[in-house]
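Data block below; observations after.
The figures that follow rest on heavy atoms only: side chains count, while hydrogens, waters and symmetry mates do not. Owing to the predicted nature of the structure, the values given are computational and were not obtained by experimental measurement.
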Amino acid sequence: MSQRPPAPPSLQELRKEIDAIDEQVHRLLMQRGDIIDRLIQAKQTQEVGSAFRPAREASMMRRLVERHRGILPLDTIESIWRVIISTFTYVQAPFSVHADVSVGESAMRDSARFHFGFTTPYVPHFSAQAAVEALAKSKGDLALVSAISSRTPWWSELEAEGAPKIIARLPFLERADHPAALPVFVISRVADDAMVTEVQTWSVRVSGWNADTARALAPLADIVAVPDTAFDGAALLVSEAGIGFETIKMALIRAGASVRSSALVGGHATRYTVPPTGTRS
């Protein structure tokens, strides 16, 4: 006689398994908290400004994509990890997020809440300049500003030694239909070993800026440009990934522009795109 196949587990048994996993996850989070508590005592995070570590976080999010499988959407996994990371960062050294809502209040709020959760205080400002100025007066806060457009050259406030710098570009994981897809720069003061230099961001003032000059630079770097009447040109925020600023400068000169000044104002991790197929680039 053929044996009957084993009966599938009952709903009650499956729910017990879920409850056991939930308890294990909670215990692991509490264990993570214990380690963070020891970390605070070991390095006294509150003495070095923001506890934000963009290089480490970008790496963690990429590994998350690489190991993820199953029916749980990547959006959910990313948002859970963002809350865990940002909340424990806040526990190490409390900070606020100053956000420029002139680019769209709901989109900016969604970005702030998705990446930094609800524990971190959210402070809206009506311009990028105001957000950066508020950040500069703080000890370890962050500012979020648009990475693709601006009405003013707010980045000039980052040129001085000791000034806050661009330390990240969000979202860490770019993909179609991302729930917090607004491209934003994160600005803060962080320890030197926390800075990311895969992409360097430069504040550049030029004369002779026009459509031809912009087209010449477009294949080499990401550019945010604001008219600069003082130099009859433009104030640029240039993000270049490994080609070097001298290449950018020579491209500007060949296109007929003159570089009046330049200053390194930060950096961030290389943009990481997750296509709909699930492969990575």
Side-chain angles (χ1 to χ4, degrees), residues 25 28-29 32 36 50-92 95 97-101 103-120 122 142-149 165-188 190 193-201 221-224 237 239-242 266-281:
V25 169
L28 288 172
L29 285 174
R32 195 182 198 278
I36 293 296
S50 173
F52 194 54
R53 291 296 181 269
R56 176 171 167 77
E57 292 192 20
S59 177
M60 290 172 68
M61 301 314 296
R62 293 178 186 185
R63 292 199 304 271
L64 190 73
V65 172
E66 291 168 356
R67 68 171 178 255
H68 184 60
R69 61 178 178 81
I71 64 173
L72 197 60
L74 184 58
D75 287 343
T76 303
I77 288 295
E78 183 184 2
S79 64
I80 289 172
W81 249 258
R82 289 306 314 156
V83 168
I84 291 173
I85 294 169
S86 60
T87 301
F88 278 117
T89 301
Y90 179 82
V91 168
Q92 289 183 61
F95 64 93
V97 173
H98 300 270
D100 168 26
V101 299
V103 296
E105 184 173 5
S106 60
M108 182 59 82
R109 185 174 61 249
D110 286 348
S111 180
R113 291 310 188 196
F114 183 92
H115 292 104
F116 299 101
F118 285 86
T119 299
T120 305
Y122 171 75
L142 306 178
L144 303 183
V145 300
S146 172
I148 56 176
S149 65
K165 304 297 180 186
I166 294 170
I167 63 170
R169 188 185 192 277
L170 300 176
F172 283 121
L173 305 177
E174 299 188 20
R175 58 190 179 278
D177 302 322
H178 194 292
L182 181 69
V184 298
F185 284 130
V186 182
I187 306 166
S188 186
V190 296
D193 62 357
M195 290 297 294
V196 192
T197 57
E198 292 177 9
V199 177
Q200 291 190 331
T201 52
D222 292 331
I223 309 292
V224 179
L237 182 62
S239 301
E240 58 89 6
H268 60 83
T270 304
R271 294 169 62 180
Y272 190 77
T273 303
V274 183
T277 58
T279 57
R280 293 163 290 279
S281 62

For Arg32, does the CZ atom sit with more than 12 other heavy atoms under 6.0 Å from it, leaving out its own atoms?
yes
Sequence neighbours left out, what pairs pass salt bridge (charged side-chain N to carboxylate O under 4.0 Å, His left out) with at least one residue falling in residues 179-188?
none
Any non-hydrogen side-chain atom of Phe114 less than 4.5 Å from a side-chain atom of Val83?
no
For Leu237 and Ile223, run side chain to side chain contact (heavy atoms under 4.5 Å, CB included): C-alpha distance rounded to whole Å, both residues' side-chain angles, the deciding distance at 0.1 Å, then the answer.
CA-CA 6 Å; Leu237 182 62; Ile223 309 292; over 6 Å; no
Here's a test for you: under side-chain hydrogen bond (donor to acceptor under 3.5 Å, both in side chains), which of Glu57, Arg63, Arg56 qualifies with Ser59?
Arg63
Where does the angle between the aromatic ring planes of His115 and His178 fall among parallel (under 30°), tilted (30 to 60°) and perpendicular (over 60°)?
parallel
Gln200 and His268 side chains, donor-acceptor separation under 3.5 Å
no
Closest heavy-atom pair, Leu182 versus Pro171, reported as atoms and distance to 0.1 Å, is O-CD, 4.0 Å
For this output row, return yes or no: ring centroids of Tyr122 and His98 closer than 6.0 angstrom.
no
Which atoms form the tightest heavy-atom contact between Arg271 and Asp222, and what is the distance?
NH1-OD2, 3.6 Å
Walk me through whether Trp81 and Phe172 qualify under side chain to side chain contact (heavy atoms under 4.5 Å, CB included).
CA-CA 12 Å; Trp81 249 258; Phe172 283 121; over 6 Å; no
Test of understanding: with side-chain hydrogen bond (donor to acceptor under 3.5 Å, both in side chains), list the residues that count as partners of Thr119, not counting sequence neighbours.
none
What's the shortest heavy-atom distance between Thr201 and Ser239, and which atoms?
CG2-OG, 3.3 Å
Give me the one residue out of Val101, Asp100, Val97, Val103 that meets side-chain contact (heavy atoms from CB on, under 4.5 Å) with Leu144.
Val97
Using side-chain heavy atoms (C-beta onward) and a distance below 4.5 Å, is Phe52 in contact with Phe116?
yes
Indicate yes or no for a side-chain donor-acceptor contact from Ser188 to the backbone of Val190 under 3.5 Å, with no hydrogens or angles considered.
no
Are any side-chain N or O atoms of Ser79 and backbone N or O atoms of Thr76, one a donor and one an acceptor, separated by less than 3.5 Å?
yes
Treating Thr89 as the side-chain partner and Ile85 as the backbone partner, does any N or O pair qualify as donor plus acceptor under 3.5 Å?
yes
Return the CD1 to CG distance between Ile77 and Leu173, rounded to the nearest 0.5 Å.
11.5 Å
Is Leu170 close to Phe185 at the side-chain level, that is, under 4.5 Å between some pair of heavy atoms?
no
Is there a side-chain contact between Ile187 and Ile167 in this structure, where contact means two heavy atoms from C-beta onward sitting under 4.5 Å apart?
no
Is there a side-chain contact between Thr273 and Arg175 in this structure, where contact means two heavy atoms from C-beta onward sitting under 4.5 Å apart?
no
Of the non-hydrogen atoms in Ala269 and Val199, which two are nearest, and what is the gap between them?
O-CG2, 4.1 Å
Ignoring hydrogens and geometry, is there a side-chain-to-backbone donor-acceptor pair from Glu198 to Thr270 under 3.5 Å?
yes
Any side-chain heavy atom of Val186 sitting closer than 4.5 Å to one from Ile166?
no
Student check: side-chain heavy atoms of Leu64 and Arg82 closer than 4.5 Å
no
List the steps and the verdict of salt bridge (charged side-chain N to carboxylate O under 4.0 Å, His left out) for Glu174 and Arg169.
CA-CA 10 Å; Glu174 299 188 20; Arg169 188 185 192 277; 2.8 Å; yes
